[in-house]
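Take a look at the structure below.
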Amino acid sequence: MAYWLLKSERETWSWDQQKREGRKGAEWTGVRNYQARNNMRAMKKGDRGLFYLSGGDKCVVGIVKVVKEAHPDSTDPTGKWDCVDVAAVAALPHPVTLAAIKAEPKLKPMVLVKNSRLSVQPVTEAEWRKVCAMGGMADPP
DNA sequence: GCCAACGTTGGC
DNA sequence: GCCAACGTTGGC
């Protein structure tokens, strides 16, 4: 299983909205960047993702999983861009802020730290475990 | 609201 | 195919 980080702006797509979509999930639309698209194309059903909010409070707030692999983004009239479907798995007991991630030496190599602009990023298993643990989930589902 | 970093576009 | 100009993103 692979791990990812999915970035969203809270005004556009919040954790609450994601939760409301339930276990069948929703399309992760609006990605218009090749690197991010390629990352989505590499996702497999069941892969886990960190749900990260940019904008106001920059933090990881929850865990999502891929429920449908890459397919055309229904919001894209050109047909060039893809999206995956993701469903909420669990909220982190407490959010992990960007500041906390930056302050943790083990997380220095995270793409989030090194390339903050990429909206869909790979995360290593070690990083995944660390962030979940910092969020109060020693054994993430 | 500003600015730095990055990605994309378009002219050559 | 290179590179300058531009636009966008996101952290602060």
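All of these numbers come straight from a predicted model, not from anything done at the bench. So that the names make sense, note that chain A is the first sequence line, chain B the second, and so on, each numbered from 1.
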Query raised in the report: What residues, two or more places apart in sequence or in another chain, satisfy side chain to side chain contact (heavy atoms under 4.5 Å, CB included) together with A/H94?
Result: none
Report summary line: Contacts of A/S54 meeting side chain to side chain contact (heavy atoms under 4.5 Å, CB included) (sequence neighbours excluded), chain-then-number -> A/K7, A/E9, A/Y52
Show me the donor-acceptor pairs within less than 3.5 Å that the side chains of residues 96-113 of chain A make with the rest of the protein, sequence neighbours left out.
from	atom 1	to	atom 2	distance (Å)
A/T97	OG1	A/A100	N	3.0
A/E104	OE2	A/K106	N	3.0

Report summary line: Quick tally for nucleotides 5-12 of chain C: nucleotides whose base has a protein heavy atom under 4.0 Å get B, sugar-phosphate-only ones S, the rest -, giving --BBBSSS
**Report entry** Test salt bridge (charged side-chain N to carboxylate O under 4.0 Å, His left out) applied to A/D82 - qualifying residues, sequence neighbours left out
**Finding:** A/R41
Requested in this report: Taking side-chain hydrogen bond (donor to acceptor under 3.5 Å, both in side chains) as the test, write out the residues that go with A/W128, two or more places apart.
Outcome: none
